Amino acid sequence: MKELPLGRKPAAFPPYLFKELDRRREEEVKKGRDVISLAIGDPDIPTPAPITEFAAKAVKKASNHQYPYGRGSAEFRSAVAAWHKERHGIKLDPDTEILALIGSKEGLAHLPFALIDRGDSVIIPDPGYPAYKTGVLLSGGRVERLPLLEKDGFLPDFGRLSKKTLSRAKMLFLNYPNNPTGASAGLDFYKEAVRFCRKNDLWLAQDAAYSEVYFGKPSPSVLQAPGAKDVAVEFYSLSKTYCMTGWRMAWLAGNARAVQALTKLKENLDSGQFNAVQETGIFCLRNHARLSEPIRRAFQARMVFFTAALKAAGWKVFVPETTFFVWARPPKGGRSIDAVYRMLSEASVLATPGSGFGPFGEGYLRFSLCAPDARIKEAARRIGKIVW
Ligand SMILES: Cc1ncc(COP(=O)(O)O)c(C=O)c1O
C-alpha cells in the first residue's frame with residue numbers, strides 16, 4: 001500500500017523553535033560535551049514544597065478523579081477574581097469574565113479561532129512568542145508584524161501601522177512583561193494601547209505570563225486601563241510565577257464576550273484541567289506573596305550577576321526589570337544564529353537566536369536564566385573567553 005498522505009497544514013509549519021535547539025544540544029551532549037543550556041524559558045527551580053504537598057493530597061481525593069469543569073471550577077474562578085482584586089484592584093465576574101486554561105499557550109493559540117474569520121489580519125509583536133503566529137495561521141488568519149525596537153524600549157509604536165493594515169486587522173497581541181526582550185510596560189502604555197484598540201475596533205489580547213517576575217514595581221494589568229474590558233483580555237499563568245511549567249494551569253480574564261467565545265470553542269476541544277491541579281492553583285493564589293517572592297528574588301540575583309558578566313565581556317545588554325530573559329547583542333554584532341552556534345561549539349553554551357522570534361529579533365540572542373546559579377556563572381565565564 002502507498003503511504004497515506006498527510007494534511008498540508010502541519011507540513012507548512014517549521015519545527016517548533018525550542019525543539020530544534022534541543023535537538024542541537026543533544027547532538028553536542030552525545031559528543032561528550034558539558035552543554036549549559038540557557039535557551040528555554042523553563043525554570044530549573046522546583047515547584048515550592050508547600051505546593052507539591054498540597055497537590056499530593058488533592059490528587060488522592062476521589063472527588064477530583066472525574067472530568068473537571070471545562071471552564072474551570074467555580075472555586076478556581078472565584079480565587080482568580082479575588083487575586084486580581086487584591087493584586088490589581090480590578091473587579092472581575094468569575095462567571096463570565098474568567099476562563100481556566102490548560103496552560104496559557106493553548107489559550108493564546110486558540111483565541112484567534114474564537115475571535116477572527118478566515119482572511120482577517122492579526123497584529124503580533126516582533127520579536128514575539130511563537131504561539132501567537134501559530135494560532136493566527138492555523139485559524140486561517142494573516143499575520144501583520146509590529147516591530148519592538150530597542151530605541152523605543154521594545155514597546156511598539158502604533159503609529160507605524162498603516163491605514164490599510166488597520167482596516168484588515170481584527171486583533172492585536174501584546175506581551176508584557178515581554179518575552180524575549182525582558183521589557184516592561186507601565187499603566188500609561190496600557191492606557192494608550194486600549195485607546196488605540198477601541199479607536200480601531202481591535203480585540204486586544206495581552207499575554208501576562210511573566211506578570212509576577214518583576215524586580216522593581218509590580219507589573220500592572222492591562223485591565224486596569226479605563227475601558228479595557230470593552231476590548232481586552234489578558235492571559236495569566238501559574239507556570240513562571242510558581243515554577244510550575246509542567247502543571248499546565250493558567251487563565252484568561254477580561255471582556256465577557258471574548259471569554260465566552262473561547263469557552264465555547266474549548267468546550268468542544270478539551271475537558272479542562274485536572275481538578276486536583278485547579279485546587280492547587282487556588283492554594284497558590286491564596287498564598288501568593290509567600291510563594292512567589294522567593295522565586296522573584298532568585299531570578300533577580302541571577303539577573304544581576306549574569307548581566308554584569310555579559311557586559312564585562314563586551315556584549316550590548318538590555319538589562320531587564322522583569323522576566324528571567326536577557327536580550328543582548330554579541331560584541332561584534334552579526335547574525336543571531338551564527339553567534340548561537342559559535343557559542344555552542346566554542347563554549348558549550350546554548351542561547352536562543354533572536355531571529356527565531358521574528359525578523360526584528362535578528363542580531364540579538366536571548367539568554368534564559370533557568371539553570372542553577374553555579375551553571376549560569378560557569379556559562380558567563382565560558383562566554384567571556386570567546387574572542388569575537
Ligand atoms: C510569552 C509567553 N507566553 C506564554 C507562555 C506559555 O506559558 P504556559 O503555557 O506555560 O502558561 C510562554 C512560555 O514560555 C511565554 O514565554
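Being a predicted model, the structure only gives us computed values, none of them experimental. Every number for a ligand or one of its atoms is a count from 1 in the order of the listing.
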[X] to ligand 1, any heavy atom closer than 4.0 Å:
| X | answer |
| --- | --- |
| Tyr210 | yes |
| Lys240 | yes |
| Thr245 | no |
| Met249 | no |

Which of these, Phe235, Phe173, Phe357, sits in a ring-ring contact (aromatic ring centres under 6.0 Å, His included) with Tyr132? Phe173
At less than 4.0 angstrom from any non-hydrogen atom of [X], what atoms of ligand 1 do you find?
| X | result |
| --- | --- |
| Asp207 | 1 (C), 2 (C), 3 (N), 4 (C) |
| Ser237 | 8 (P), 11 (O) |
| Ser239 | 8 (P), 10 (O), 11 (O) |
| Ser104 | 4 (C), 5 (C), 6 (C), 7 (O), 8 (P), 9 (O), 11 (O) |
| Gly103 | 9 (O), 11 (O) |
| Leu108 | 3 (N), 4 (C) |
| Asn175 | 1 (C) |
| Arg248 | 8 (P), 9 (O), 10 (O) |

Do Tyr236 and Trp83 make the cut of ring centroids closer than 6.0 angstrom?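 Yes.
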Using the ring centroid of each side chain, check whether Trp327 and Tyr364 are separated by less than 6.0 Å.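 Centroid separation for Trp327 and Tyr364: below 6.0 Å.
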Quick one: do Trp203 and Phe113 end up in the same hydrophobic cluster if we chain Ile, Leu, Val, Met, Phe, Trp and Tyr together by side-chain heavy atoms under 4.5 Å apart? yes
Do you reckon Phe305 sits in the same ILVMFWY cluster as Phe299, going by side-chain contacts under 4.5 Å, direct or chained? yes
Would Arg296 pass as a cation-pi partner of Phe215, given that its NZ or CZ must be under 6.0 Å from the six-membered ring centre and within 45 degrees of the axis?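 Geometry flag: not set, cation outside 6.0 Å or 45°.
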Could Arg24 and Tyr341 be counted as a cation-pi pair, given that NZ or CZ must be under 6.0 Å from the ring centre and within 45° of the axis?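 That pair qualifies as a cation-pi contact.
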With ring-ring contact (aromatic ring centres under 6.0 Å, His included) as the rule and sequence neighbours excluded, what pairs involving residues 368-388 come up?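 Only Trp315-Trp388 qualify under ring-ring contact (aromatic ring centres under 6.0 Å, His included).
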